[in-house]
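Heads up: the structure comes next, in structure tokens.
Counting starts at 1 for both ligands and their atoms, following the listed order. Heavy atoms only: backbone and side chains are in, while hydrogens, waters and symmetry mates are out.
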Amino acid sequence: MTSREKVEALLKARSSRTSLTAFTDSEPGFSIEDGYAIQNAILNQAIQQGEKLSGFKMGLTSKAKQKDVSVFEPIRGFLLQSMEIVPNGVVELSTRIRPRAEPEIAIVLKEDLKGKNVMARDIVARIYGIYLACEIIDSRYKDYKFKLPDVIADNTSASGYLLGNVNLLPYLEHLRLMGITFRRNGEIVETGAPAGALGDPIMSLVELVRSLSKTDEGLLAGQVVLTGGLTNSHFILPRDVFEVECAYDRFSFSVKE
Ligand code: 0L1
Ligand code: MG
């Protein structure tokens, strides 16, 4: 399959809600670089069609998630404005294949930042806001079976995201170990802490900025960064109501067919 055919296959899988077999099954030479080239082509096509880049996401940053999909390296993807769902809003299943949800921390910078040697203190000095978040993922591969290059090509399964309304920046000192609960229909399904994302969501941002710098890109002020799932992810089903909560904020979303 050519690169163009891979892009088309992923876009068709999304629009027709029919999952694909991972490219590496038939093309073991399909590489991480090839995966990012496909991801970029999908982003460029979305921008040409009028979509707006709203930020980036880090994926597979927690041990729980890495074990779940047997991929043991963090990866990066992009976010589009059209993926954002208002807090306490509705997540639609009709445009997705087999979505799952995972609580996260999102960070927004107030100044642009790029560079391969960026440090945590460079990030901290530029934070505008830190938000409780939830990511909706939806692999375009059958049964979430893929290798690292496949999931990168599929924009790291990105499908949607919600951000809380409270800026947690005043609590930065306690962020890593702040407890987070994730409930489905009133029952706790997971508890976690922001330290679940590479030990500290700030370190996840460091990884992101360093990774973007390889192609001379950087983060822009105002862009949203999802720093990675803090727990395992959970399938979402019609009429489910999920709630994400920490000491200073909470929001929910319901799921509609
Ligand atoms: O955001 C994530 O951690 C998702 C990365 C891709 C793996 C998956 O689909 O679970
Ligand atoms: Mg995620």
Side-chain angles (χ1 to χ4, degrees), residues 10 13-14 17 19-25 30 32 35-36 38-39 42-43 54-80 83-85 91 93 95-108 130-164 180 182 189-190 192-205 207-208 211-212 223-236 242 244 251 253:
L10 282 163
R14 189 178 309 170
R17 299 175 69 202
S19 41
L20 300 172
T21 348
F23 302 129
T24 50
D25 281 12
F30 185 59
I32 291 178
Y36 277 115
I38 304 280
Q39 189 191 112
I42 291 176
L43 171 60
S54 60
F56 296 92
K57 60 164 281 192
M58 289 296 281
L60 302 180
T61 51
S62 76
K63 291 285 172 235
K65 294 255 4 230
Q66 293 182 349
K67 278 191 203 142
D68 191 49
V69 294
S70 304
V71 176
F72 295 91
E73 267 182 62
I75 48 180
R76 102 178 119 80
F78 64 82
L79 302 174
L80 298 173
M83 291 179 185
E84 185 161 355
I85 300 153
V91 174
L93 294 179
T95 53
R96 298 183 164 92
I97 304 170
R98 241 189 127 213
R100 302 168 76 148
E102 55 191 23
E104 303 211 7
I105 291 293
I107 299 183
V108 176
I130 301 177
Y131 302 93
L132 191 61
C134 189
E135 184 181 18
I136 310 299
I137 54 172
D138 189 28
S139 180
R140 272 56 69 163
Y141 300 110
K142 198 163 180 323
D143 300 329
Y144 283 77
K145 295 265 185 315
F146 42 69
K147 295 211 169 67
L148 192 55
D150 304 303
V151 67
I152 291 169
D154 186 23
N155 193 22
T156 67
S157 311
S159 177
Y161 63 96
L162 301 95
L163 302 186
I180 297 209
F182 191 39
V189 284
E190 293 274 2
L198 294 182
D200 185 339
I202 305 289
M203 290 317 293
S204 185
L205 229 86
E207 285 286 321
L208 173 68
S211 150
L212 286 170
Q223 286 182 330
V224 172
V225 178
L226 292 180
T227 56
L230 307 178
T231 64
N232 216 334
S233 59
H234 291 267
F235 285 112
I236 63 173
F242 282 88
V244 190
F251 64 84
F253 64 88

* If you measure from the Lys or Arg side-chain nitrogens to the Asp or Glu carboxylate oxygens, is any gap between D25 and K142 under 4.0 Å? -> no
I'd like to check which ligand 1 atoms, numbered from 1 as shown, lie under 4.0 Å from a non-hydrogen atom of [X].
{"X": "G59", "result": "1 (O), 2 (C), 3 (O)"}
{"X": "Y144", "result": "9 (O)"}
{"X": "K57", "result": "1 (O), 2 (C), 4 (C)"}
{"X": "L60", "result": "2 (C), 3 (O), 5 (C), 7 (C)"}
{"X": "E102", "result": "1 (O), 2 (C), 3 (O)"}

Between ligand 1 and [X], is the shortest N or O to N or O distance under 3.5 Å?
{"X": "K65", "value": "yes"}
{"X": "T156", "value": "no"}
{"X": "I137", "value": "no"}
{"X": "S139", "value": "no"}

* From C134 atom SG to H234 atom NE2, the distance as rounded to the nearest 0.5 Å -> 10.5 Å
* Structure fact -> Taken to the nearest 0.5 Å, the spacing of F23 CZ from I38 CD1 works out to 6.5 Å
Name whichever N, O or S atom of [X] ends up nearest to the Mg ion (ligand 2).
{"X": "E102", "result": "OE2"}
{"X": "E135", "result": "OE1"}
{"X": "E104", "result": "OE2"}

Are [X] and [Y] packed together at the side-chain level, in the sense that at least one heavy-atom pair is separated by less than 4.5 angstrom?
{"X": "Y141", "Y": "L10", "value": "yes"}
{"X": "D154", "Y": "F146", "value": "no"}
{"X": "I137", "Y": "Y144", "value": "yes"}

* Indicate the ring-plane relationship of F242 and F253, choosing parallel, tilted or perpendicular according to the 30° and 60° boundaries. => parallel
Which bit of [X] gets closer than 4.0 Å to ligand 1, counting heavy atoms only: side chain, backbone, both or neither?
{"X": "R100", "answer": "neither"}
{"X": "Y161", "answer": "neither"}
{"X": "V151", "answer": "side chain"}

* Of all heavy-atom pairs between I97 and D138, which one has the smallest distance, and what is that distance? -> N-OD2, 2.7 Å
* Of all the heavy-atom pairs spanning Q66 and L60, show the shortest one and how long it is. => NE2-O, 2.8 Å
* Asked: Taking N155 for the side chain and G77 for the main chain, is one N or O donor matched with an acceptor at less than 3.5 Å?
  -> no
* Structure fact -> When distances are taken from atom 9 (O) of ligand 1, the protein heavy atom at minimum range is S157 OG, 2.6 Å
